[in-house]
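Comments concern the structure below.
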Amino acid sequence: MDVVVLLGAPGSGKGTVAARIVQQLGLTPIASGDMLREAVARKTAAGTEAARYMSCGELVPDALIGRMISDLIGAGPDDGRYLLDGFPRTVPQMGILDAILADCGGVLKAAVVIEVADAVVTARLAGRQVCPACKAVYHVETLPPKRAGVCDACAAALVQRADDFPATIAQRLAVYHRQTAGVIDAYAARGMLKRVDGVGGVDTVVERMIRALK
Ligand code: AP5
């Protein structure tokens, strides 16, 4: 099993880039935030616990997200190739991933961080619209749907994410700098980190990402 870890601040473009590269690079995406939102929507025990943290912009407990990721990867094929979008984002979660890989003889191929300044990600998140049905992501200015408020792919009504309001965005950014900086430093110290400039059009950032991973 191979794993690529995708890091970056909230709104840096992880989900947008992931959606465009997975097919080309033959990777299966696992987005921790999508997985948690699905558990919240299904009102599972894990989802109910996670919702308390997500609604105020805090990270859910390491053990909870670690269990969910481990179960998902464990249920997949031995030769799976995964793009982990948003996991790990604390140093203890790095340890959980190391243990998962050690258990199944898996290999961490790279950790990539998309770098974007806080002011830019704040504007991106404030204008983000998402499709609740097919999960497509838009932006009212930089990536608008063809018909305002309607998903191009499945025609569902677009919504704003519950954690994309100004106070929660600020809290999520503070949490990112406090808790994920150590993960970036640790992967850099292992010689596994690749940095991608996340400022520019989506196509440009996607090209940079593909170059970094080849
Ligand atoms: P999660 O869903 O992972 O949120 P996040 O990391 O905060 O990242 P986002 O999904 O907000 O942003 P993104 O980087 O994917 O940007 P996007 O591509 O959408 O996590 C949500 C919550 O779940 C967390 O707060 C936490 O509570 C919990 N959680 C998740 N993982 C966890 C973990 N491992 N441990 C503990 N808790 C966890 O782009 C943003 C906008 O910008 C869009 O509108 C897009 O159209 C636009 N855009 C993208 N790229 C560009 C570009 N190049 N130019 C212009 N606009 C662009």
Side-chain angles (χ1 to χ4, degrees), residues 5-21 29-41 46-47 49-70 72 83-97 112-131 135-145 151-152 158-165 167-180 183 196-209:
V5 165
L6 185 54
L7 300 158
S12 55
K14 301 182 297 296
T16 301
V17 170
R20 297 192 185 205
I21 64 170
I30 296 180
S32 52
D34 286 347
M35 195 172 72
L36 287 164
R37 279 184 289 279
E38 200 181 309
V40 172
E49 186 184 353
R52 294 210 307 271
Y53 299 89
M54 295 170 76
S55 60
C56 56
E58 295 292 338
L59 296 183
V60 309
D62 292 329
L64 190 155
I65 186 73
R67 223 170 22 245
M68 292 174 83
I69 296 279
S70 175
L72 198 64
L83 179 67
L84 295 184
D85 165 0
F87 180 90
R89 48 177 104 183
T90 66
V91 172
Q93 289 180 22
M94 279 181 76
I96 293 172
L97 179 58
V112 192
V113 58
I114 303 180
E115 298 183 313
V116 183
D118 284 5
V120 177
V121 296
T122 300
R124 286 185 184 177
L125 293 176
R128 174 163 61 182
Q129 294 183 320
V130 296
C131 176
K135 314 295 177 216
V137 177
Y138 300 88
H139 188 278
V140 286
E141 284 164 11
T142 59
L143 209 63
C151 180
D152 292 347
L158 301 177
V159 296
Q160 187 167 21
R161 246 171 65 174
D163 55 355
D164 277 352
F165 292 91
T168 320
I169 292 172
Q171 176 61 15
R172 287 162 63 203
L173 275 171
V175 166
Y176 175 73
H177 291 301
R178 195 169 63 239
Q179 299 198 253
T180 308
V183 176
V196 168
D197 179 0
V199 180
V202 172
D203 290 346
T204 306
V205 178
V206 165
E207 271 172 34
R208 288 177 193 144
M209 179 67 70

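The chain is numbered in sequence order, starting from 1. Read the numbers this way: they start at 1 and go in the same order the structure lists the ligands and their atoms. Just so you know, these numbers use all the heavy atoms, side chains as well, and skip hydrogens, waters and symmetry mates.
Taking every non-hydrogen atom of S32 and a distance limit under 4.0 Å, the qualifying atoms of ligand 1 come out as 30 (C), 31 (N), 32 (C), 34 (N). The distance from ligand 1 to the heavy atoms of L125 drops below 4.0 Å at these ligand atoms: 11 (O). Every atom of ligand 1 is numbered from 1 in the order shown, and the set under 4.0 Å from a heavy atom of E58 is 26 (C), 27 (O). Atoms of ligand 1 lying under 4.0 Å from at least one heavy atom of R37, given by number and element, are 2 (O), 21 (C). Taking a cut-off of under 4.0 Å to the non-hydrogen atoms of Q93, the atoms of ligand 1 that pass are 33 (C), 34 (N), 35 (N), 36 (C). Residue G33 approaches ligand 1 through these ligand atoms, each under 4.0 Å from one of its heavy atoms: 1 (P), 2 (O), 3 (O), 20 (O), 30 (C).
Between R172 and D164 there is a salt bridge, since a side-chain N of the basic residue sits under 4.0 Å from a carboxylate O of the acidic one. By the 4.0 Å N-to-carboxylate-O rule, D34 lies too far from K135 to be salt-bridged with it.
No side-chain heavy atom of T142 sits less than 4.5 Å from a side-chain heavy atom of R124. Side chains of L125 and R161 form no contact here, defined as non-hydrogen atoms less than 4.5 Å apart.
For the pairing with L6, the side chain to side chain contact (heavy atoms under 4.5 Å, CB included) check across I21, I114, V113 returns one residue only, I114.
Looking from atom 37 (N) of ligand 1 to the surrounding protein, the closest heavy atom is V60 N, 3.1 Å. Annotation: atom 56 (N) of ligand 1 to nearest protein heavy atom, T142 OG1, 3.2 Å. Among protein heavy atoms, atom 15 (O) of ligand 1 sits closest to G15 N, 2.9 Å. Nearest protein heavy-atom contact of atom 52 (C) of ligand 1 is R124 NH2, 3.3 Å. The protein atom (non-hydrogen) at minimum distance from atom 18 (O) of ligand 1 is T16 OG1, 2.6 Å. Closest to atom 53 (N) of ligand 1 among all protein heavy atoms lies G200 O, 2.9 Å.
Only backbone heavy atoms of Y138 (N, CA, C or O) come within less than 4.0 Å of ligand 1; its side chain stays farther off. For A9, every heavy-atom contact with ligand 1 shorter than 4.0 Å involves the backbone, none the side chain. Contacts between V202 and ligand 1, counted as non-hydrogen atom pairs separated by less than 4.0 Å, involve both the backbone and the side chain. Contacts between V121 and ligand 1 below 4.0 angstrom, taking non-hydrogen atoms only, are absent altogether.
When Q129, R161, Q171, K14 are checked for heavy-atom proximity to atom 4 (O) of ligand 1, R161 turns out nearest. In this structure, of Q179, R208, R128, the residue bringing a heavy atom nearest to atom 9 (P) of ligand 1 is R128. Looking at V137, L84, L64, V205 and measuring to atom 43 (C) of ligand 1, the nearest heavy atom belongs to V137. For atom 1 (P) of ligand 1, the choice among R89, R172, M54 with the nearest heavy atom turns out to be R89. Here atom 16 (O) of ligand 1 lies nearest to G13 when heavy atoms of P10, A136, G13 are compared. Taking all heavy atoms of I65, L36, V206 into account, the minimum distance to atom 38 (C) of ligand 1 is reached by L36.
When all heavy atoms of M54 and T168 are compared, the closest pair comes out as O-CG2, 4.5 Å. Smallest separation of non-hydrogen atoms from P145 and L158: CG-CD1, 3.6 Å.
T16 contributes atom OG1, which lies 9.5 Å from atom CG of D85 (distance to the nearest 0.5 angstrom). One distance of note links CD of Q129 with CD of Q160; it measures 8.0 Å at 0.5 Å rounding.
Side-chain atoms of T180 come within 3.5 Å of backbone atoms of R89 as a donor-acceptor pair (strictly under, hydrogens ignored). In this structure, R128 contributes its side chain and G11 its backbone to no donor-acceptor pair below 3.5 Å. At distances below 3.5 Å, at least one donor-acceptor pair connects side-chain atoms of T90 with backbone N or O atoms of Q93.
Under the rule for a salt bridge (Lys or Arg N to Asp or Glu O under 4.0 Å), the partners of E38 that lie at least two apart in sequence or sit in another chain are R42. Residues satisfying the salt bridge (Lys or Arg N to Asp or Glu O under 4.0 Å) test with D62, not counting sequence neighbours, are none.
Between G11 and ligand 1 there is a heavy-atom distance shorter than 4.0 Å.
Considering backbone and side-chain atoms together, G86 places an N or O closer than 3.5 Å to an N or O of ligand 1.
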